[in-house]
Structure formats: C-alpha cells, structure tokens
2 protein chains.
Amino acid sequence: MSQPDVPLIGAGTATRRAKRESLSSAAARKVERPAPLRQAVYEALLDLIVNRTLKPGQHLVEIDLAEHLGVSRQPVREALQRLQTEGWVDLRPAQGAFVHTPTDEEADQLLSVRNVLETYSARLAAEHATPEDVEQLEELQNEGVSALKAKDVERVVAANAALHAFITRLSGNTVLAEMIATVDRRVRWYYAPLALTRGKDAWTEHADLIAAIAKGDAELAATLMGRHTERTRSAYHEHREASQSK
Amino acid sequence: MSQPDVPLIGAGTATRRAKRESLSSAAARKVERPAPLRQAVYEALLDLIVNRTLKPGQHLVEIDLAEHLGVSRQPVREALQRLQTEGWVDLRPAQGAFVHTPTDEEADQLLSVRNVLETYSARLAAEHATPEDVEQLEELQNEGVSALKAKDVERVVAANAALHAFITRLSGNTVLAEMIATVDRRVRWYYAPLALTRGKDAWTEHADLIAAIAKGDAELAATLMGRHTERTRSAYHEHREASQSK
DNA sequence: AGCTTGGTTTTTGCATACGAAAGTCTGTAT
DNA sequence: ATACAGACTTTCGTATGCAAAAACCAAGCT
C-alpha cells in the first residue's frame with residue numbers, strides 16, 4: 001500500500017458502496033442524466049494533478065486511486081488512459097501510471113506551439129468578429145483592467161484566460177480552439193509554480209489587439225498577438241531563470 | 001449480434017483462446033517483451049477506420065470488435081477511449097462508439113491548423129538544419145521526383161509524407177512534431193476519398209523550400225511552406241467541389 | 001394511420017476475479 | 001560486508017460477471 005490511510009481527496013469515507021456520493025460533488029454538477037463515472041474520475045484526477053496534490057513523477061497505483069475515489073479500478077484505468085493521451089501522466093507498460101514530469105524544454109515547446117496557434121486564432125478572429133463580439137471583448141478587457149487596479153490576482157488571471165478563450169472562439173475554428181485549450185491547460189500547469197502574472201503591459205497589448213480585431217485588420221491582429229504571446233514567453237523565461245538562480 | 005459471422009479483420013478463426021495468435025501479426029512485430037494488448041487493439045482498430053473497413057457513422061459494438069479481434073471487451077474499451085480523444089470515434093454515453101463522421105467544415109479546419117503548424121515547423125527547421133540534414137532532405141526530394149517520373153503514386157505519396165515528416169522532426173520541437181503527425185493522419189483520412197495527389201508543382205515548391213532551409217533563411221522557409229500548404233489546400237477544395245458536382 | 005406503452009433484447013458501464021510481470025526482501029555464500 | 005538467488009509481495013493487464021440504461025418491437029389506444 002503506497003498510501004494506506006491518507007485520503008487523496010476530501011471525500012472522506014470512500015468505502016466501495018459510497019461511490020454515488022463520493023463523486024457526486026464533481027460529477028453530478030454538470031450533467032443531467034447519463035454521467036459516466038469515468039468522466040468524473042478523469043476530472044477528479046486531472047484536478048489532483050493540476051493542483052499538485054499528485055506530484056510530478058509520483059507513481060499512481062490504480063487500486064489506491066480507486067479506493068480513495070470510491071470506485072473500482074476500471075474507471076480509473078480508463079481515466080488514466082485518457083490522461084496519458086493528453087500528456088498528464090506517463091503509462092509505463094506493466095508498471096502503471098506516473099504523473100508526468102514537466103521539463104523546461106517541453107514547457108518551452110508547448111509555449112511555442114500555443115503562441116503559434118493563438119497568433120493564428122487572432123488572425124481568424126479579426127476576419128470574423130462582429131461589432132457585438134468586439135463589445136464583449138471590450139467588456140472582458142475592462143474587467144481585466146479593473147481587476148488589475150484592484151490588485152486582485154485571481155481575477156486578473158481569470159479575465160486574461162477569458163479574453164484569450166473568447167478570441168479563440170471568435171476564430172470560428174473549433175478544432176483550433178480545442179487544441180489551444182488543451183495546450184493552454186498544460187502550459188499553465190507547467191508554469192504554475194512560477195506564480196507569474198504580467199502586469200499593465202499585457203493589458204495595453206490586449207487593448208491594441210482588440211482595436212486591430214475591431215478594424216478587421218487580420219494581419220495586424222496576428223502580429224500583435226504574436227508579439228504579445230512572445231513577451232509572455234520571455235517573461236516566463238526570465239522568471240524561471242530568476243527563481244532557479246535563487 | 002450486429003454482425004454475427006462477418007469477420008471484421010482477416011484473422012479468421014478468432015475464437016476466444018486464439019488471442020495470442022490472432023493479434024500477434026500486428027502486435028509482436030514491434031515490441032520485444034511487454035506488448036500491452038490494448039496497444040495492438042488500438043492499432044488494429046485505427047487501421048480498420050483509416051481503411052474504411054469501419055465506415056463513418058457505424059456503430060461499433062464492443063463485443064463484436066472483441067470477438068473478431070480475439071480479445072475480451074476490456075482492451076477494446078480502452079482502445080476506443082483513446083480513439084475518442086484522438087477524434088477517430090465518438091463515444092456517446094450508454095450508447096457506445098461510433099466512427100466519427102468527417103464534415104467538410106471540420107476537414108478544412110484541420111487542414112488550416114496543419115498548415116499553420118507545418119509553416120512554423122519549416123521556420124524552426126531552417127534555424128536548426130545541419131548540412132547533413134539538408135543532404136537527407138535532398139535525398140527524399142530526389143526519391144519523390146523519381147517516383148513522380150515513374151508515375152508511381154504510392155511512392156510519391158510516401159516520399160511526400162516522409163519529406164514533411166523529416167522537416168517536422170528537424171524543427172526540434174517534439175511536441176509540435178507529434179501534433180502535426182496526429183493532425184496529418186486525420187487530414188489524410190478525411191481527404192482520402194478524393195484520392196488526390198499534386199504533381200510536379202508540389203515538388204518544385206519542395207525544392208525551393210529545401211533551398212531556403214539550406215540557406216538557413218527561416219523567414220523564407222516559413223513563407224514557402226505556408227504557400228505550399230495553402231496550395232495543397234486549394235487543390236483539395238477544387239477537387240472536392242469537382243467531385244461533388246458530379 | 002399514427003402515436004403511445006409495456007415488455008423483451010441488446011449493449012453499455014462498472015465491479016470483481018485471476019494469471020503474470022515487476023519489484024522487494026531475506027538468507028546464504030563468498 | 002557485499003553480491004547473488006530465490007521466494008514473496010505488489011501491481012498491472014485481461015477476462016468474466018452482473019446490473020442498469022438504451023434500443024427495439026409489437027400490441028393497444030386515440
């Protein structure tokens with residue numbers, strides 16, 4: 001037993017029969033009728049990984065996860081498979097699942113890819129945005145700026161994510177949007193320990209970007225987004241080097 | 001029983017106990033010791049989908065797949081999960097797996113994304129390529145051109161794929177490379193019914209691209225790759241419209 | 001005729017069972 | 001003390017079993 005009595009999630013009791021209860025908090029929230037258990041397990045595990053409750057490199061023993069989540073091994077296995085294809089865990093044959101260990105190199109590669117995709121999404125967004133869309137963008141921008149003034153980091157991060165996500169959706173390319181979402185979640189996880197947020201500059205850049213989208217200037221929007229994400233990337237690098245030298 | 005006696009794969013007998021045999025052809029080929037069965041099932045099913053032995057929209061009944069592959073339902077389920085996350089099948093809760101039905105819109109979106117990623121990979125390739133790499137590129141180019149002269153469509157397609165894959169790897173960004181590979185496989189599947197290959201032009205463009213990479217001119221390489229993939233996309237569009245109007 | 005409704009069949013989703021591989025520990029010989 | 005051999009333990013991978021949801025089908029009602 002790797003972790004005999006330490007509950008991995010808050011749920012507590014987690015005897016086998018308590019399954020409908022133990023996961024309901026995470027599962028029954030969203031769906032009406034058919035809530036496949038594996039989906040709930042997937043979300044729960046992803047959350048534990050993103051939270052770093054489950055640490056990079058940690059060996060995930062199926063039976064332990066199953067018991068702590070109050071389900072059998074099967075849904076856990078299926079969730080782990082999915083987590084593997086998305087890069088959250090590594091599945092070593094006959095050895096099981098290990099939380100993926102982020103390397104600096106991989107983090108940088110992911111960040112590059114995200115930048116490229118976001119740049120493209122900005123270009124498409126400029127081509128497709130309606131005046132109503134622009135209004136919404138401006139609302140998100142205002143929210144971000146006011147959060148910044150209030151020094152509410154949580155809100156700034158949320159507004160930033162919302163703004164980028166909205167542009168992504170404006171692109172009208174759902175394949176692209178999903179890809180960005182996936183990559184973005186990983187990037188955030190990789191860089192989370194740095195606890196980095198950019199300040200006023202970022203939101204000035206956002207404003208220019210929104211203006212370009214409003215004008216429908218795809219070329220400019222792409223250029224600005226490219227520059228913006230590239231600066232974010234530089235900021236990460238500097239931050240990482242600073243925290244490593246400590 | 002949806003398809004009681006029609007073997008889905010060539011394997012033939014496929015009684016339950018024949019498992020180690022029936023899949024060995026596909027499984028034991030690559031790995032030495034630990035060859036998880038689900039991996040073989042995944043590859044087999046993907047092959048059946050790409051082949052169109054399993055048709056878009058078709059309901060995939062787990063037990064049927066399992067029996068025809070000579071394994072139990074469990075590895076099949078796990079393979080289907082993975083196929084879902086990669087977009088090959090749709091998993092409807094409590095209803096099972098259906099082969100994903102490609103739409104023109106989605107195909108175009110995938111193609112766009114692939115183009116963006118490949119353009120970026122060309123840029124990186126130009127930055128990283130060594131003289132030896134360039135030599136290899138030229139070999140692949142020669143192979144393609146000679147295949148073209150011989151009018152050997154199979155070889156042309158293979159050479160084209162190899163050339164693009166090599167550039168992709170030259171980028172040095174493995175995350176990017178894997179993404180391109182995934183997207184590319186889907187794109188090929190979507191457009192396979194069109195049975196389209198571009199001719200001499202494509203290989204002229206390749207030659208220019210290789211020259212740019214050889215010079216280390218990243219900007220030019222990116223531009224050329226962008227143009228090249230965009231032409232491929234146009235070719236697909238024209239071809240599709242032509243075949244639809246028939 | 002079309003629509004509902006009840007029962008039957010099919011198929012999924014999850015749980016459990018079992019064999020085998022990998023890892024760990026102990027005892028012995030050097 | 002250290003290295004090796006072999007038994008023991010843990011954990012995975014796959015198979016099988018079972019309950020419940022969904023699909024199907026047919027009879028009855030409007």
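Chain A is the first sequence line, chain B the second, and so forth, proteins listed ahead of strands; every chain is numbered from 1. No experiment lies behind these values; they were computed from the predicted model shown. Computation of the quantities below employed the complete heavy-atom set of this structure, encompassing side-chain atoms and omitting hydrogens, waters and symmetry-equivalent molecules.
- Within 4.0 Å (heavy atoms only), B:Leu60 reaches sugar-phosphate atoms of the nucleic acid but no base atom.
- The side chain of B:Arg73 lies closest to C:dG13, out of D:dA23, D:dC12, C:dG13.
- OP1 or OP2 of C:dG13 has at least one side-chain nitrogen or oxygen of B:Arg77 nearer than 4.0 Å.
- In this entry the distance linking CD of B:Glu78 with C1' of D:dT14 reads 9 Å, nearest Å.
- In this structure, A:Arg186 does not pair ionically with A:Glu86, as no charged nitrogen and carboxylate oxygen lie closer than 4.0 Å.
- Of the candidate nucleotides D:dA21, D:dA23, C:dC14, D:dA21 has the atom nearest to the side chain of B:Ala94.
- Going from atom CD1 of B:Ile63 over to atom C1' of C:dT9 covers 15 Å, rounded to whole Å.
- The nearest whole Å value for the distance from the CG atom in A:Leu80 to the C1' atom in D:dG13 is 13 Å.
- Atom CG of A:Leu91 is separated from atom P of D:dT11 by 16 Å (rounded to the nearest Å).
- Side-chain contact between B:Val183 and A:Met179 is present, with at least one heavy-atom pair separated by less than 4.5 Å.
- Among the atoms of the strands shown, base atoms are found under 4.0 Å from some heavy atom of A:Gln74.
- Across all non-hydrogen atoms, the minimal contact from A:Gln109 to B:Gly172 is NE2-O, 3.1 Å.
- Distance B:Phe98 CZ to D:dA22 C1': 10 Å, rounded to the nearest Å.
- The 5' end of DNA chain C is approached more closely, in terms of each residue's nearest nucleotide, by B:Ala97 than by the other of A:Pro75 and B:Ala97.
- Of all heavy-atom pairs between A:Ser171 and A:His128, the closest is O-ND1, 2.9 Å.
- Considering only side-chain atoms of B:Ser72, the nucleotide from D:dT14, D:dA21, C:dT11 that sits closest is D:dT14.
- Ranked by how close their nearest DNA chain C nucleotide is to the 5' end, B:Gly96 and A:Gln95 are led by B:Gly96.
- The CG atom of B:Leu65 sits 11 Å away from the P atom of C:dT11 (whole-angstrom rounding).
- The nucleotide whose nearest atom lies closest to any side-chain atom of A:His59 is, among D:dA15, C:dG13, D:dT11, D:dT11.
- Ring geometry for B:Tyr190 versus B:His100: interplanar angle under 30°, hence parallel rather than tilted (30 to 60°).
- In this structure, A:Leu37 places its CG atom 18 Å from P of C:dT12, rounding to the nearest Å.
- The separation between A:Arg92 atom CZ and D:dT11 atom P is 14 Å, rounded to whole Å.
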